[in-house]
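The structure under discussion is supplied below as structure tokens; questions concerning it will follow.
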Amino acid sequence: MRGPDLHTIRRRVSGRLLILLCLPMLFACGRGDAETDLVFAVGGAPSELAAWEKVVRKFEADSGISVRLLRQPANSQQQLQGLMVAMKSKQQNPDVFLMDVAWVGLFSAAGWLVPLDNLDRTPFFGELLNRTDVYDGRLMAAPVYLDGGILYYRTDLLEKAGMTRPPETWRELAESAKKVQEQMRPENPGFFGFVWQGAQYEGLVVNFLEFAGASGGIQLQDETGGVRVALKANLKALRFMRDLIWEYEISPPSTYTEMQEEEVRTFFQSGNAMYERNWPYAWTLHQSDGSPVKGKVGIAPLPAPEGEKGVSTLGGYHIGVSKYSDRKADAKKFAAYVTSKEAQRMVVLELGWNPGRGDLYEDEALLERYPHFGEFKDIFRKARPRPVIPYYIQVSNVLQTYISGALARNRSPESALEHAQIEIDSLEQRYGRNPEGGGGQLSESFPYPSFTHGEAVP
Ligand code: GLC
């Protein structure tokens with residue numbers, strides 16, 4: 001028998017390293033006896049933790065079940081690694097956790113989740129639930145909050161650009177951003193027209209999918225189930241993204257080195273940009289006391305190429321119960337509570353996040369406090385999910401590398417897409433229709449969303 005080859009050894013070593021690196025990132029906070037508490041893993045931002053504390057305390061008081069919050073890193077890539085380590089080593093905790101909507105396909109297909117049969121599906125947006133959370137007809141996760149990309153703009157600067165409404169097309173966006181940038185530079189040399197998430201991480205893929213629009217993106221072939229990214233619309237998107245930085249010079253070069261959500265938000269919030277692409281969470285922060293742009297911010301759908309409609313990527317976090325939990329019944333009760341009207345309202349009021357439940361967008365009290373919810377609802381309804389395939393994470397990693405290379409001008413957009421396609425084809429051969437996580441098998445009825453096919457790059 002042959003011993004392990006270099007590649008296998010490298011993978012094993014890096015797998016172990018990953019475990020060692022990830023363990024310290026998963027640290028517990030809160031109170032309670034670690035042996036008996038139900039463990040709930042959440043994101044690590046301080047404001048988020050405070051909101052979850054409230055929800056947990058109320059649940060404990062009502063149910064008599066004690067819950068410990070497990071704080072994960074704020075970075076979603078690190079959160080994913082932490083959860084994957086727990087699942088692959090079949091850890092009993094966390095019992096219940098929040099997942100980026102982009103990972104639900106992987107977790108479902110890997111067999112890491114138990115169905116949430118105890119949840120009432122009616123209050124959620126039906127199509128969204130079917131596309132992202134239903135696997136083999138069973139509900140494997142449920143949305144806790146929703147995200148969709150939107151354009152933030154400075155209402156006070158719009159006039160300077162000679163505009164009466166926010167830009168709807170790429171050309172309007174680029175021209176008005178350039179104009180205002182030129183006007184602002186003498187008094188603020190660090191001013192830029194448009195900021196968006198271009199660093200090498202999941203957010204870059206999200207932005208790319210939005211630029212790529214309805215006829216591009218990550219397309220699934222009906223016949224083979226294979227993934228195509230070498231598409232004309234994607235080439236156009238990548239060229240435009242690169243040109244925003246280097247040709248029109250309205251997005252800073254730091255776009256591809258460091259711009260993630262918070263870098264983009266603080267840039268805009270400090271008064272240094274005319275337009276910003278971000279998620280709805282930025283709204284409450286922009287409008288908070290002490291924000292230099294308070295009262296000067298508007299929101300609009302993302303602009304599109306001439307003659308097309310803008311596309312938002314669907315984001316957000318969903319709750320799931322671990323297959324390896326020894327407290328599944330309690331964990332399911334907790335998941336039901338987190339998605340209940342009462343708990344969702346608490347989170348909305350605390351954080352201004354957009355609830356996963358559709359019925360809260362009709363809630364008078366919430367609408368009074370957050371009048372923009374009405375507009376967001378429509379954006380979420382139409383937002384386009386990332387494909388629900390088990391190896392989405394790997395596809396995304398390939399795209400991140402090549403898109404970033406094109407933005408840094410290390411390779412042309414054509415070559416970036418061609419090479420990304422070659423690597424994705426080989427990923428499919430490696431993973432086939434089996435999830436990387438192992439354990440589960442993809443069933444025939446795995447819910448691939450159906451996309452209209454774009455035109456391939458000739
Ligand atoms: C937000 C979205 C999530 C997305 C991530 C990318 O957290 O909710 O779905 O993957 O941003 O940075």
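Order of appearance sets the numbers: ligands from 1, and atoms from 1 within every ligand.
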Ring centroid separation Y281 to W353 under 6.0 Å: no

Nearest-contact summary for atom 11 (O) of ligand 1 - protein heavy atom, Å: W279 NE1, 3.1 Å

Residues that K90 engages under side-chain contact (heavy atoms from CB on, under 4.5 Å), provided they are two or more places apart: Y324

Shortest protein heavy-atom distance from atom 7 (O) of ligand 1, along with the residue and atom involved: Y317 CE1, 3.7 Å

Presence of salt bridge, D136 and R138, under 4.0 angstrom: no

Contact check, side chains of Y402 and E423, non-hydrogen atoms, under 4.5 Å: yes

Taking atom 4 (C) of ligand 1 as the reference point, the nearest protein heavy atom with its distance: D100 OD2, 3.3 Å

Residue portion contacting ligand 1 (non-hydrogen atoms closer than 4.0 Å) for R386: side chain

Nearest-contact summary for atom 6 (C) of ligand 1 - protein heavy atom, Å: E261 OE2, 3.5 Å

Distance flag, aromatic centroids of F192 and Y275, threshold under 6.0 Å: no

Atoms of ligand 1 close to E202 [distance to a heavy atom under 4.0 angstrom, numbered from 1]: 10 (O)

4.0 Å heavy-atom contact, S76 with ligand 1: no

Ligand 1 atoms in contact with G203 (distance to a heavy atom under 4.0 Å): 6 (C), 12 (O)

Nitrogen or oxygen atoms of Y145 and ligand 1 under 3.5 Å apart: no

Element-labelled atoms of ligand 1 that are located less than 4.0 Å from some non-hydrogen atom of D147: 1 (C), 2 (C), 8 (O)

Nitrogen or oxygen of G316 less than 3.5 angstrom from that of ligand 1: yes

Worked check of side chain to side chain donor-acceptor pair (under 3.5 Å) between S396 and E202: CA-CA 7 Å; S396 169; E202 180 61 25; 2.6 Å; yes

F107 ring center near F97 ring center (under 6.0 Å): yes

Candidate pair S291 and Q287, rule side chain to side chain donor-acceptor pair (under 3.5 Å), full reasoning: CA-CA 6 Å; S291 157; Q287 300 291 25; over 6 Å; no

